[in-house]
Amino acid sequence: MTQLFWDDVEIGMEIPPYRRVVTLMELNRFAGANDEFVLIHMDRDYSQNVSRLPDVIVMGNLKYAYLANMMTNWIGEGGTLKRLIAQFRGMDIPGPALSTEPTMICKGRVTNKYIQDGERYVECEVRTETREGQITTPGSAIVILPSRDGMSSNITA
Amino acid sequence: MPQESLITDGVKAAIGVEVVGPPELIEMKAIKDFAKAINWPDPPNLLHVDEKYAEKTRFGGIIAPWSFYTSLGRDVPRQRLPLPPARVGMNGGNDYEHFLPIRPGDVITTRSKIVDITEREGRAGKLIFTVSERTFTNQRDEVVGIARGTGISQY
């Protein structure tokens, strides 16, 4: 895994997009791992006819996990994701079984960088987008990065 | 005719009441299953599944994925709010803060409380927003993370 250094981050820089193919397979695996068995994520008939939703919808917590993956992939193991905020504003519908076309793309951009209490911080705007480019999950993230001179990060968090 | 608020004194009384869940042993398999699920169909990150790899990192061993917090505290007894059953409940947002990694063998205790309940008139009916906060501590009483979340109930 390549390491990102605070020195090399610039405001406005784009975070490498993180594309996900989300089908009922992904929802079911996550339902098990996250102990999140909720009918609007499992049963189309229930979603449409009882909850009056357009379809089964992707769990907010899975979208949150994908945004966290995008961040931790980008910052590398020497970086620390300190805080991640996400608002689940729009619904994401899973793609058909065995689909290989991404249904969701996580994106982000650096909005600020600074040093505070000896730690090197970077703030980002993050979001999930549907294939059509609709933003369904706007949010933000705060990370701590090491510097090229090795002065940070001394925390093991 | 003006609709009566669903946020009665009984609902308000639930704000700030702390509920403590049973201590949860974090098993390696739970970490691996979670790491697999959030990367599927790609292979999971080795830091969460491969001890030999993980011990060479700065963490010195396997740690849980960052977003593992969402799986914690599922057995915390839910506060019963005196509200009518909602048509649908949804997750409105997550705001988690990270302090320390979670490792296999850790015993995590979840303390949960409701910090705010508000009501809005939506297009299709009333909406109740419930903001909750869960604090996770390990067996050394260290806070490993704080999770704030907003639940939306549609009526």
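The sequence lines fix the lettering, A, B, ..., with proteins before strands; numbering per chain opens at 1. Keep in mind that what you see is a predicted model, and the values were worked out from it rather than measured.
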**Q** Side chain from CB out, backbone as N, CA, C, O: work out which of these in Val22(A) comes under 4.5 Å of a heavy atom of chain B, or both, or neither.
**A**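 Contact with chain B: none, neither part.
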**Q** Which atoms of Asn61(A) come close to chain B, meaning under 4.5 Å heavy atom to heavy atom: side chain ones, backbone ones, both, or neither?
**A**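 Contact with chain B involves both backbone and side-chain atoms of Asn61(A).
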**Q** Show me the side-chain donor-acceptor pairs of residues 64-73 of chain B shorter than 3.5 Å, one per line, residues at least two apart or across chains.
**A**
unit_1: Trp66(B); atom_1: NE1; unit_2: Leu81(A); atom_2: O; d: 2.7
unit_1: Tyr69(B); atom_1: OH; unit_2: His98(B); atom_2: ND1; d: 2.8
unit_1: Tyr69(B); atom_1: OH; unit_2: Val144(B); atom_2: O; d: 2.8
unit_1: Thr70(B); atom_1: OG1; unit_2: Asn34(A); atom_2: OD1; d: 2.7
unit_1: Thr70(B); atom_1: OG1; unit_2: Ser67(B); atom_2: O; d: 3.2
unit_1: Ser71(B); atom_1: OG; unit_2: Phe68(B); atom_2: O; d: 2.8

**Q** To the nearest 0.5 Å, how far apart are CG in Asn45(B) and CG in Asn69(A)?
**A**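 These two atoms lie 8.0 Å from each other.
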**Q** Heavy-atom distances under 4.5 Å only: say whether Met59(A) touches chain B with side chain, backbone, both or neither.
**A**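 Neither the backbone nor the side chain of Met59(A) comes within 4.5 Å of chain B.
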**Q** Under 4.5 Å, heavy atom to heavy atom: which of residues 16-41 of chain B reach chain A? Give them by number, or say none.
**A**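 When heavy atoms of chain A are the reference, residues 16-41 of chain B contributes Asp33(B), Phe34(B), Lys36(B), Ala37(B), Ile38(B), Asn39(B), Trp40(B), Pro41(B) within the under-4.5 Å range.
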**Q** Is it the side chain or the backbone of Leu53(A) that comes within 4.5 Å of chain B heavy atoms, both, or neither?
**A**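 For Leu53(A), side-chain heavy atoms alone lie under 4.5 Å from chain B.
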**Q** For atom NZ of Lys113(B), decide whether the heavy atoms of other residues, nucleotides or ligands shown that lie under 6.0 angstrom number more than 12.
**A**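 No, NZ of Lys113(B) has 12 or fewer neighbouring heavy atoms, counting only those of other groups under 6.0 Å.
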**Q** Identify which of Gly32(A), Ala68(A), Ala33(A), Ala31(A) forms the greatest number of heavy-atom pairs closer than 4.5 Å to chain B.
**A**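 Highest number of heavy-atom pairs under 4.5 Å: Ala33(A).
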**Q** Determine whether Lys63(A) and Asn94(B) make a side-chain contact, defined as any pair of heavy atoms from C-beta on separated by less than 4.5 Å.
**A**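 In short, these two side chains do not touch, never coming nearer than 4.5 Å.
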**Q** About how many Å separate NE2 of His41(A) and CG of Asn91(B), when rounded to the nearest 0.5 Å?
**A**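 NE2 of His41(A) is found 8.0 Å from CG of Asn91(B).
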**Q** Are the side chains of Met90(B) and Ile57(A) in touch, meaning some heavy atoms are under 4.5 Å apart?
**A**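 Contact flag for Met90(B)/Ile57(A) side chains = yes.
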**Q** Side chains of Leu84(A) and Tyr96(B): closer than 4.5 Å at any heavy-atom pair?
**A**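 No, their side chains stay 4.5 Å or more apart.
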**Q** Counting only heavy atoms closer than 4.5 Å, note whether Phe30(A) contacts chain B via side chain, backbone, both or neither.
**A**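 Interface part for Phe30(A): both.
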**Q** Give the member of Gly149(B), Gly92(B), Gly145(B), Gly60(B) that has the highest number of heavy-atom pairs under 4.5 Å with chain A.
**A**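 The option with the most such pairs is Gly92(B).
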**Q** Step by step, would you call Gln154(B) with Arg52(A) a side chain to side chain contact (heavy atoms under 4.5 Å, CB included)?
**A** CA-CA 11 Å; Gln154(B) 299 186 354; Arg52(A) 289 186 262 143; over 6 Å; no
**Q** Might you work through the side chain to side chain contact (heavy atoms under 4.5 Å, CB included) test for Leu47(B) and Glu77(A), ending with a clear yes or no?
**A** CA-CA 9 Å; Leu47(B) 181 59; Glu77(A) 281 165 8; 3.9 Å; yes
